[in-house]
Amino acid sequence: MPILIILLFYINDVVRLKRLHSQTEFVAQQMANILQNISQKREGADRKITCNDIRYAASLAFLSMFPGTTNFHSGRRFDLGYVGLGYMFCVKGNSDSTASVLWGRRFHFADWASSPSKVGVDAAFFGRSNVKELTNASPSEIYPTLKIKPDEIKIIIECAVFYQQGSAYGFTDGRSSTDVSPSEAFGLRLYKLSPPKTRAGMNICLYFHSAVIFTPKPGLFDKTPPADN
């Protein structure tokens, strides 16, 4: 009987972990698709993606993982204890087969994101990403699956889940994340979950990273980061 119980807990954890990874991968794919189409009815230079476009694209894409308003809140207390967070990097291929990250942006629901218009978009904490912000580097050093031609622009979208243990964060039911382990927060029974070491090397609070790489439609992105509205 004890072995059977352990086996059931193990199966629960494996299924749960796989599902969480699949969810962030789907969110990243959805966000890429939304960004490719969100501005197509705008004319000329107005087609360029803005920070507001990123906010609303992220809000819509994360709905598959955070139904209803569970990704939104008026402070740092969350219904599930964790929320969505991701990164976007614009990469250009160089003539010598290297590549350079032109800019990066983080989008997150971790601080007072009470509505889509309040989703944070900034250039911070890139060390928590699996994308390295490098210049004149091998494409695979920037991200393992990145392939890019000279003068080609590609966008990398990485989506993850933010859960930070500490008195500043918690659950809307009153619990502090200090008292709830990551394993408990994500519904695991046996597996001892901790923030995975990222390729950039400074992760303390992100889980289940998934990334997609795509070639943007003309006029959506360039060497200048998206402007705030």
Side-chain angles (χ1 to χ4, degrees), residues 2 5-31 58-59 61-88 104 106-114 119-122 124-132 143-144 156-212:
I5 293 174
I6 292 173
L7 181 60
L8 290 174
F9 284 169
Y10 172 78
I11 293 173
N12 169 81
D13 289 357
V14 169
V15 172
R16 182 68 176 160
L17 288 168
K18 184 176 181 180
R19 180 168 178 262
L20 287 163
H21 278 291
S22 297
Q23 285 179 313
T24 56
E25 182 178 9
F26 183 72
V27 170
Q29 292 169 348
Q30 287 292 99
M31 188 165 178
S59 298
F62 269 109
L63 275 174
S64 61
M65 194 171 188
F66 297 91
T69 60
T70 53
N71 211 19
F72 298 100
H73 47 86
S74 58
R76 289 177 167 175
R77 302 281 168 168
F78 317 133
D79 289 351
L80 303 177
Y82 53 86
V83 288
L85 188 148
Y87 295 94
M88 178 185 301
R106 178 182 70 150
F107 48 92
H108 65 92
F109 299 77
D111 296 311
W112 293 277
S114 57
V119 173
V121 177
D122 54 35
F125 298 110
F126 292 149
R128 298 172 181 174
S129 170
N130 276 319
V131 181
K132 290 186 178 180
Y143 193 77
I156 305 174
I157 293 181
E158 182 181 48
C159 292
V161 177
F162 174 92
Y163 181 74
Q164 183 165 330
Q165 286 192 283
S167 59
Y169 294 94
F171 297 74
T172 51
D173 63 11
R175 289 177 294 162
S176 169
S177 61
T178 303
D179 304 320
V180 181
S181 70
S183 295
E184 184 181 353
F186 291 108
L188 305 177
R189 299 299 183 89
L190 291 178
Y191 187 80
K192 301 301 181 184
L193 187 66
S194 59
K197 182 179 179 180
T198 57
R199 297 179 67 249
M202 298 175 61
N203 182 38
I204 61 170
C205 56
L206 296 188
Y207 301 81
F208 315 114
H209 299 69
S210 294
V212 297

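If you're wondering where the values come from, they're calculated on a predicted model, not measured in any experiment. Heavy atoms only: backbone and side chains are in, while hydrogens, waters and symmetry mates are out.
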What pair of heavy atoms forms the shortest contact from [X] to [Y], and how long is it?
X	Y	value
Asp179	Glu184	O-OE1, 4.4 Å
Pro67	Thr70	O-OG1, 2.8 Å
Val131	Ile156	CG2-CG2, 3.8 Å
Gly68	Leu63	O-CD2, 3.6 Å
Ala211	Tyr143	CB-OH, 3.5 Å

[Y] side chain reached by [X] side chain, heavy atoms, under 4.5 Å:
X	Y	result
Gln23	Val161	no
His209	Asn203	yes
Val119	Phe72	yes
Phe208	Glu25	no
Ser181	Leu193	no
Glu158	Met88	no

Within the side chain of [X], is there an N or O that forms a donor-acceptor pair under 3.5 Å with the backbone of [Y]?
X	Y	result
Ser177	Gly166	yes
Gln165	Val180	yes
Asp79	Gly81	no
Ser183	Leu188	no
Ser210	Thr24	no
Asp13	Leu190	yes

Can you label the angle between the Tyr163 ring and the Tyr207 ring as parallel, tilted or perpendicular, going by 30° and 60°?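 Tyr163 and Tyr207: tilted rings.
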Whether Phe78 and Tyr169 hold their rings parallel, tilted or perpendicular, with breakpoints at 30° and 60°: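 Judged by the thresholds at 30° and 60°, the geometry between Phe78 and Tyr169 is tilted.
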Can you list the residues that meet the side-chain contact (heavy atoms from CB on, under 4.5 Å) rule with [X], with sequence neighbours excluded?
X	answer
Phe125	Tyr87, Arg106, Arg128
Pro144	Arg199
Ala200	Thr198
Arg77	Thr172, Ser176

Any residue meeting salt bridge (charged side-chain N to carboxylate O under 4.0 Å, His left out) with Asp111, in chain and number order, not counting sequence neighbours: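 Arg76.
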What residues form a salt bridge (charged side-chain N to carboxylate O under 4.0 Å, His left out) with Arg16, not counting sequence neighbours?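 Arg16 satisfies salt bridge (charged side-chain N to carboxylate O under 4.0 Å, His left out) with no other residue.
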Output the distance between atom [atom1] ([X]) and atom [atom2] ([Y]), rounded to the nearest 0.5 Å.
X	Y	atom1	atom2	answer
Leu85	Cys205	CG	SG	7.5 Å
Met202	Ser129	CE	OG	12.0 Å
His73	Phe171	NE2	CZ	13.0 Å

Examine Phe109 together with Phe62 and report whether their ring centres are nearer than 6.0 Å.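 Judged by ring-centre distance (under 6.0 Å), Phe109 and Phe62 do meet the cut-off.
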